[in-house]
Each structure stands twice: as C-alpha cells, then as structure tokens.
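Input: a single structure, listed below in structure tokens.
Letters go in sequence order (proteins before strands), and every chain restarts at 1. Everything quoted here is computed from the prediction, not taken from an experiment.
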Amino acid sequence: MSIYLASITDPPELDLSAAEEPIELRVIARRDYKAPLVMAALTALLMILLLANPRGGETRFGVTTGNDLLRNVPVLTPNAMTLGWIAIAIMVFLTALAFWFSYTYKRQWLWIIGLFALAAMSTFLAWAGAGAAGTINLVPLIGNALLLAIPLVFGALGGVIGERAGVVNIAIEAELLMAAFTATVVGSVTRSPVLGLLAAAIAGLMVAAILAVFAINYRVEQVIVGVVLNVLITGVTTFLFNGWLQPNAMTLNNTLAVRFSQVPIPFLSQIPLIGPALFNQNILVYLMIFAVAAVWFALNRTRWGLRLRAVGEHPKAADTVGIRVNRTRWIALLIAGAIVGIGGASYTLVANGAFNREMTNGFGYIALAAVIFGNWDPIRAAFAALLFGFAISLQTVLSIIGSPVPSSFMLMLPYMVTLLAVAGLVGKSRAPAASGTAYVVEDH
Amino acid sequence: MRLELRNITKRFGALVANDHINLTVNPGEIHCLLGENGAGKSTLMNVLYGLYQPDEGEILLDGKVVHFRGPGDAMAAGIGMVHQHFMLVPPFSVAENVALGNEKTKAGIFDIRWTRKRVKELSKQFGFHLDPNANVEDLPVGVQQQVEIVKALARNADIIIFDEPTAVLTPQETNELMAIMRKLKAEGKGIVFITHKLREVREVADRITVIRHGKIVGQASPTATDSELAAAMVGRAVQLQVEKQPANHKDNALVVKDLIIPNSLGQAVVDKVSFTVQGGEVLAIAGVQGNGQTELAEALLGLQPKATGSIKLDGRELIGRSPRQFLDAGVGFVPEDRNADGLIGNFTIAENLMLNRGNEKPFVKRGGLHLGYRDDFAAAKVKEFDVRTQGIRNKVANLSGGNAQKLIIARELSKPLRLFVAAQPTRGVDVGSIEFIHKRIVETRDAGIPVVVISTELDEVAALADRVMVMYRGGVVGIVPADTPREVLGLMMAGISPEKAADAVGQMMGAQR
C-alpha cells in the first residue's frame, strides 16, 4: 500500500487550516471618489446658484396643517440667504468628510448622503422660496410625495419580485396603465372603490400573464416583450379611451366621488411633521406600507421566497432539487402584476377622478430605476421610489408658490434625480444572477 | 436500498448516449463508473436522477420498478447526487442551500433554525466543518462539495451519485473526499462514483464498470493496473507517460517580474509573480483552479490590459502591448476554454486554422483571402496533427473535444514560435489525444522554445514539467523541481510553503512505520 493511501486513513497532526478559509485576495489600493465627486459637484452648483443669482427676503416654511401637535407653531421665516449659506457650509463639511472616507478606503456611509441630500434640499428651497408670498408647507410636501409615490412603490415591488424570480419586468408601465384604466371603468360603474381596486389588480395580473407567456413559455427576449407590451397597452387604452370612455365620460370615466378618502389614524396622526403626512392618508398609502413589509417578509422569510430567489439566482440548481422553475416564475410574475395593478389604481381612485390617455407618464420606467437603485431589495426600492415621489412633489409645490425656476426645468427634476441616483450613488449593486434569462427545461 | 438499472437506453437524435445499460448498486458498496469524457456516464446518471427520461429500460429500487418525472421524484425515492458543476445557489447560506426544495416550515414561515441544526448534526456525524450560516460563494470548492453531500444526506438519500467529484479538488481535498465516501459506505449507503481518473478508482472502488461509447464494455477489478484500466477505457493500449529527455537549456527566455493583475473588484488575482522560463524547458504552473493561473496565462498573451510589472521575451518588454503585438513577438497560446476562446464553432476547420494569420501573406493578399493556399495549408495540418474529421470544410462545432484541441495545437504550433503557453491543454480530452498532445508539447520544448503549461492535473504536471511553479491565492508558493513528490505539491497547492510541506510529508512517512 502506498504512502498516499495510508495518509487518508491515518492523518497526522498537520495544519491544513489555510485550505479551510475562503480565498481572500489582497486588495490593490484603489480609491473610489464617485460619491464625493458627485457631492462636490452639487455643492458647487448650488454655490454658483446663490452667488450668481442671490435673492433677498425671507422664505416662509410651514410645518403644520393645523391638526397635529404643532398646530400653534407659526410659519417659520428664516432669511433665505442666511439659511442657504448655512446649509452650504454643512454640505461642504459633509463633502470633505466623504473625501476623507474615500481617501482612507472607508465605505461611504448612507447617513452622510442622507444628511447631504437634506442640506442640499434646504439650500434649494430657501433660494427658490425667497421673497415669495406663498408658504412652502412641509407637511403637504411630504404627504404629496407619498401619494405620488404610490404607483412607483407598488411598481417597484412588482419589479423586485419579478427580477428576483429571474424575469425582467419592463412592462410595469403597461400594468400601471391598464390597471388605472380598469379601475376607472369598474369604479365608475359599480361606484365602489374597493371593487375598482380589485379590478385593477386583476388587470395588472392579466398584463403580467401576457408577459409570462412570451418571456417564460416562448423564451422571447424579456426586455423586448416588455417594451412591446408598453406600446401595445398604451395603444389599447388610448383607443378605448377615445372611442368608449370619452363619449360616456359621466358613466364610465367618473371616479371623482368614489375615490378613497383620508382615514386619519388616531394618535399617530398627531406626531409633528410626519404624523399628518404619513398617518392622515387614504387606505392605499397604508396598504403600500403594509405591502413593502409583506413583500420583504415573503421574500426573505418564507419557503415561497426562498424558492423564488433560488429560481432567480440559479434556476438549474432549483430544478435539481425538484423546484419547478417556470411554474415558480409564472406565479411570481402574476403576483407582481397584481401588486403593480394596485399601484395603478391610485391614478384614478386616489389622484385623479378620471382616466386620461398615457396618464402613467413613464412612471413604470422610474419604478424600474427604483428597483435597480434599491439593489433589488423591496424596502430599499420603496425608499428609492419615495425619493422620486418627493422630487415630483417638490416640483408641484415650487410651481404653486411661484419660484423663479422655469416650470419646464422643474418637470425634468424627477428624471434628473433618477439619473443621478442610478449613475452616481448606487455603489456596488448586484442583480439576481439569472435575471433576464429564460430557463430551458432539458428533458423531463 | 438496492438499485438496479435494466437495459437503459437514451438517444439524442442519431446519437445513442446509453445503449442497453445494466447496472446494480448494493447498499454499502462503492460502484465506480469508469469511462472517458463523452462515454455516456453523466447521461446515465441524469437518467437515474430524473433529469432525463430513458427511451428504453427501467429503474428498479429494491426490486420495484420506479418512474422519475423529475429530480424531485428521484430525491423522494432516496437518490442523491453530487453534481460535477455544483448545484448550489451562490449567495445563499449553507443552511438555505441544504433546505432548498425540502424546507421545513412552521405556519408557512421557513424554519431556518431547524435546518441549521440539521446541518450541524450531519456535519458532526460525517466529520465536515460546515458553518450553516456561511454564504456558499465564500467557501472553497472542497467545502462547497461537502454542502452538496449534506444536501443529499439531509434528504435521507440511500444512494448517492458522485459525478466527477474530484475534478475541482486539490489532492488533499480528494483524500478527504475518499475518506468521506468510505464513511458513507460504512453507514450502508450505496455509492456511484463516476470518474476517469484511474488512481482514484483503484483506491475506493468495490466494483468497477467500464463504459465506452455508451456501452458497458466490461467489469474490472480494483486490483487491475493503470494500463489495464486505461486500455479498457480507451479500447486500445495507451502510453500513459511520454518519453522525455532531460532539458537542454538555451539562452532565450521568458522573464516575468513582479506581475500584478487586478480583477474588476480591484483585488490582486495575480500578486507580484516572478519567474523565468529558459528556452528548452517546460515550466508547469500548478494550483487549484481559480488561484490566478487563468489570468496569468492571459497576461502572457496581452489579454490582461491592466497588468503591471514586466513580461520580457528574448529581452523585449511586452507589458502593456496588445495581443497582436504579443502574437507578432512569437507567442503561441492554447486557451483554457477552447470553445469560448480558442475556436469559432461556426467557422470551418480551414478558417479556424488561419484565424491568427489574418494579416499575413500568403493567407491574405491585397485584402483578399487566398482560398487555395488556406485549404492546402489546412489539409496539411489536419494530416500532420491527426485531426479526425471528414474534411477541412467541416464546422469546428462538430469536432470532439480531443480533435478540437488538436486543431488549436496545430494552429498555434504551425508558426514560428518564441514562446508557447498552453493552459489546461488536455482538459476534457480523451486519453488517446492526451498522449498525442503531450508528445507535441515535449517536441516544442526540445526545439528550444520556452514552454509554459498551466494545469490543475498533477498527472499532467508530472508528465510534462521540468520545473513546477505552484500558485495559491494569486501568489507563488514556490518553484520546485519536477521530481517533487505529489504529496508535497498537493500541500503547496493549499498554500503551504515547500519546506513545511516537505517536512509534513516526511513526518507522514515516519508515522507509517
């Protein structure tokens, strides 16, 4: 018997621990200045804005709508330029801190970016509202952000579920639009917002079913199916709107009176600032908060979620342990479609009292950006969606108080935030490995 | 549980992958399936595991006929499989991977704690060191394989199939696996061990079945010699060791100094590597897959533009140059993955043979292809390098692994060379072709050209090398003479310095007495 053989049966004391550790390679020193550079650029831009176009007077900030604990606090009126420069000083400090972190190879902490965003926002608001007669009321600013974010958050949740299961859902836009349309018709006819909401969920599910047939069963390139679906549903809803809804607007396209109303939550709605913004809302907002938590839980803590993620990361591995890959993907897509559909209902059952052609306005794509920005995690994606909602809300507030910024520029704001967010600040992100690739079941 | 396969036949179009195969596996037995790549071993096991449906024949468990519609059925019946390419979800934890498809739930909620406990129990029982919370992607391959085994055990598998399990392991990990297989056998599990490595077969097998071209060609005894087993596998006598004269060093040389290659994450996958290869010698670079050899090989053809340091060939600095300039300097290169990097499947044999001559007369004249010359050249090379094909206008995608590899060798060796780099030159190549390719590599060396062979197979390293450089985590563990014992090389592949490795092996030998 050889030495080689004997060594197996009788291993002597030998330090083999090196082989047990994961392989870790030396990191070649490399500093990543992406985040601090973006911060520096923004600081410089705002400084130029203040220097080149200084505006005197005070900015009026409201902090209450009169039914919370702050109801007796008067409108705050800081000097615009003073506030602006204080905020810029904070931004400079945070940028320097970010550079220091990069220089010392530390990772960029999220709180730095969060504080920076807050400071930048203060500077901009102070400048934009300077001398205006109108008040920038922070409560509706945040409250509206939440309302506007409903389709984005639900859309992003749908996107997250789809991609974690391995199917890229570009058709969020189509699902939102179809759901908005269906919600109007059913809501108008039945005069019931709940039935309208249910119908919207089913409409979203149906669009998702079309996507599933082509993407899963026929293995068509998923991005292409999604884009085609978006164009198709835009056409279908516009056609039906022109030929059917408009002539019967009073009976078929009139949800003004059946919309979800505000339901203040006792106690919580008294909290200063966020109370009235967060807890004096309609059912759909509460449902949204619940949905984010529920999706996170389902993905991370249930058998369904484990299998879904496995199918999105390594479908073959899932197949070899007896999980039916395409069936799992089908179910995931249908659920995702229904969730997006609920978000789509907000257009006609919360925001507007009627359907209008192409009313989703590319929000489906922004929801998709939120999925990526949120690193395919439901909670982070929801926050990303809220950020976009805030940008849109800001645009509305500023145009109401009459800010000097041209309104067409303000319309660009949410999309610029999207670009900046996706390009500069995402950091390391990792998509589900099998996202976008169809799974071919070999034989069985 | 006793497993019996009766008359299993599986066809893919005109190809008969399994031709009326009969096989039995008894409890407490290691049954080896020996055969070359493409002999039909894996197909047979995929039939058994429910991944393929047999066209004919039946599977019996304890004498009862069973039908598997998918892997789920096979697993439920007590059959587990350790796949050649691990079927593990990389970002999942060990426990999640073990649970997947077989989850224990409490009120619909996945009970990960129960699985963690189960992983710990099984680890203890079989002597693994598994942390149920570790992410699989952070684990070395050997440990990942243990996760695969635990996956099967957690499902109470009675029959476990190992599909080429040692292909990705260090010699030490292989030893460990053999011990595990023995332990499983002692617990009464039936084991099917698929491999083409003769030494492993003789070490653990109770019975050996040899498969060639989809058919069972016979049973062999574990006491058979290597050459007997090889002959049964290939169907003719093969020479396992190439004859080689001592190296005859020349002055020309490849000199690599302080080579650093970063990956996309900024980690040094090759970290300050220095070595010299003289004309007329073979330097073999050994190491477990993924320790920087791939990147190092690519850098020797200019395929790693971010590499820093120095690569001097015949005194000329080549670092930072393009692959074209490397080729013009006389580098011949056999890539690790021949289908992805070596050949264009949809091109003909003749076209593939002139891929690196695209700007050279007489292949190209005034921007036009000289088709006659191309075809004559191809015909001559196909004959010279024994590429078995129906014609030079055949598509390369239709060639077998061994013939495709010979085609690449033919292309790379048929121009004036100053350096020859071959990465995994015989991976997935039949034994007959290995013999041929090894001979050609030795001839190239004897022609006074520096040769670098990158291989994860110690057999190949032993067959070709004049000196052996072992890489671990991007660095060089040591450069040692070719006659270094394989136990020492094995320890070096786990990162242990040559001196310590030699000491340890010495102690081991002492312990035997």
Assess whether atom OH of A:Tyr286 is packed by more than 12 heavy atoms of other residues, nucleotides or ligands within 6.0 Å. yes

Heavy-atom nearest pair, A:Gly322 first then B:Pro71, reads N-CB, 4.4 Å

Close side-chain approach of B:His85 to A:Lys316, heavy-atom, < 4.5 Å: no

Below 4.5 Å from any heavy atom of chain B, which atoms of A:Ile323 appear? Answer side chain, backbone, both or neither. side chain

Measuring from B:Asp111:CG to A:Arg303:CZ, what's the distance to the nearest 0.5 Å? 11.5 Å

Sub-4.5 Å side-chain heavy-atom contact between B:Lys151 and A:Val321: yes

Does B:Arg155 CZ have over 12 foreign heavy atoms under 6.0 Å away? yes

Given the options B:Leu100, B:Leu88, B:Val89, B:Asn97, A:His314 meets side-chain contact (heavy atoms from CB on, under 4.5 Å) only with B:Val89

Can you tell me which portion of A:Arg324 sits under 4.5 Å from chain B's heavy atoms? Options are side chain, backbone, both or neither. neither

Cut-off 4.5 Å, heavy atoms of chain A, and the answer for B:Asn102 is backbone

Is it true that, when you exclude B:Phe110 itself, more than 12 heavy atoms of the residues, nucleotides or ligands shown sit nearer than 6.0 Å to its CZ? yes

Residue pair A:Thr320 / B:Met81, side-chain heavy-atom distance below 4.5 Å: no

Please classify the contact of B:Pro485 with chain A as side chain, backbone, both or neither, using a heavy-atom distance under 4.5 Å. neither

So, the part of B:Phe86 with a heavy atom under 4.5 Å from chain A: the answer is backbone

